[in-house]
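Worksheet: the structure to be examined is printed underneath.
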Amino acid sequence: MKPIGYWLNRTDQALTATMDALLAAFGLTRLAWQVLKVIEDDPRATDTAVRAVLAANAGAEELTAAIEAVLAGGWAFRPQPEGLALTDDGRVRLAEAGVRVAAFRERSTAGISVEEYRTAVAVLERMTHNLERAG
């Protein structure tokens, strides 16, 4: 049996590669998708807030590039300096991309019960807290 770190890395690589491939038709990456979801969920989103929410997912340079990409792609705009909001077109395209992401999520959890999924997430959360407290 391979150790948990091996499977964590393989899972993250598989998630990223698969999401990048399915979102390429929309001109997005997994990280850009995550940026858009933060903006969608927070009507007062800022660059700082996006970086804080996604800090565990990517470094500052990668996050800045993803923010710039969604702005340049017309997905989002700046209602004020540092502010981020979805454009009307961005909302429509995000919903369209969301259909593919939902299918991806179903495929990625095939054969995994809701309880098994919750257990896996809870165990990883506890491990993370254990390690963060120890460090």
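Only heavy atoms go into these numbers, but all of them, side chains included; no hydrogens, no water, no symmetry mates. Positions are given from 1 along the sequence.
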Per-pair distances, 0.1 Å, donor-acceptor, side chain in residues 95-106, under 3.5 Å, sequence neighbours excluded:
{"unit_1": "Arg100", "atom_1": "NH1", "unit_2": "Leu22", "atom_2": "O", "d": "3.2"}

Next item on the list: Of all the heavy-atom pairs spanning Ile4 and Met127, show the shortest one and how long it is.
Entry: CD1-SD, 3.6 Å
Margin query: Quick check: closest heavy atoms across Trp75 and Phe26, and the distance to 0.1 Å?
Written below: CZ2-O, 3.2 Å
Checklist line | Under-4.0 Å salt bridge between Lys37 and Asp42 | finding: no
Next item on the list: Would you name the heavy atoms of Ala76 and Ile39 that are closest together and state the gap between them?
Entry: CB-CD1, 4.2 Å
Notebook entry, point to check: Would you say Trp33 and Leu94 make side-chain contact, with heavy atoms under 4.5 Å?
Noted result: yes
Checklist line | Glu82: partners by salt bridge (charged side-chain N to carboxylate O under 4.0 Å, His left out), with sequence neighbours left out | finding: none
Next item on the list: Taking all heavy atoms of Ala14 and all of Thr18, pick out the closest pair and write down the distance.
Entry: O-OG1, 2.8 Å
Notebook entry, point to check: Which value, rounded to the nearest 0.5 Å, describes the distance between Glu125 atom CD and Asn130 atom CG?
Noted result: 10.5 Å
Note to self: Once rounded to the nearest 0.5 Å, what's the spacing between atom CG of Asp47 and atom CG of Leu63?
What the structure shows: 10.0 Å
Got a list of side-chain donor-acceptor pairs under 3.5 Å for residues 51-59, not counting sequence neighbours?
{"unit_1": "Arg51", "atom_1": "NE", "unit_2": "Thr64", "atom_2": "OG1", "d": "3.4"}
{"unit_1": "Arg51", "atom_1": "NH2", "unit_2": "Thr64", "atom_2": "OG1", "d": "2.9"}
{"unit_1": "Asn57", "atom_1": "ND2", "unit_2": "Gln34", "atom_2": "OE1", "d": "3.2"}

Note to self: side chain to side chain contact (heavy atoms under 4.5 Å, CB included) for Met19 and Leu15? Distances and angles first, verdict last.
What the structure shows: CA-CA 6 Å; Met19 280 197 73; Leu15 288 169; 5.6 Å; no
Item checked: Other ILVMFWY residues reachable from Val121 by side-chain steps of under 4.5 Å -> Ile112, Tyr117
Check: Does any non-hydrogen side-chain atom of Leu8 lie less than 4.5 Å from one of Leu124?
Finding: yes
Next item on the list: Only counting residues at least two apart or in another chain, list the ones meeting salt bridge (charged side-chain N to carboxylate O under 4.0 Å, His left out) with Asp89.
Entry: Arg93
Item checked: Test item: Arg78 side-chain N/O and Leu84 main-chain N/O as donor-acceptor pair under 3.5 Å -> no
Margin query: Holding to salt bridge (charged side-chain N to carboxylate O under 4.0 Å, His left out), I want the full list of residues that pass it with Asp12, two or more places apart in sequence or in another chain.
Written below: Arg30
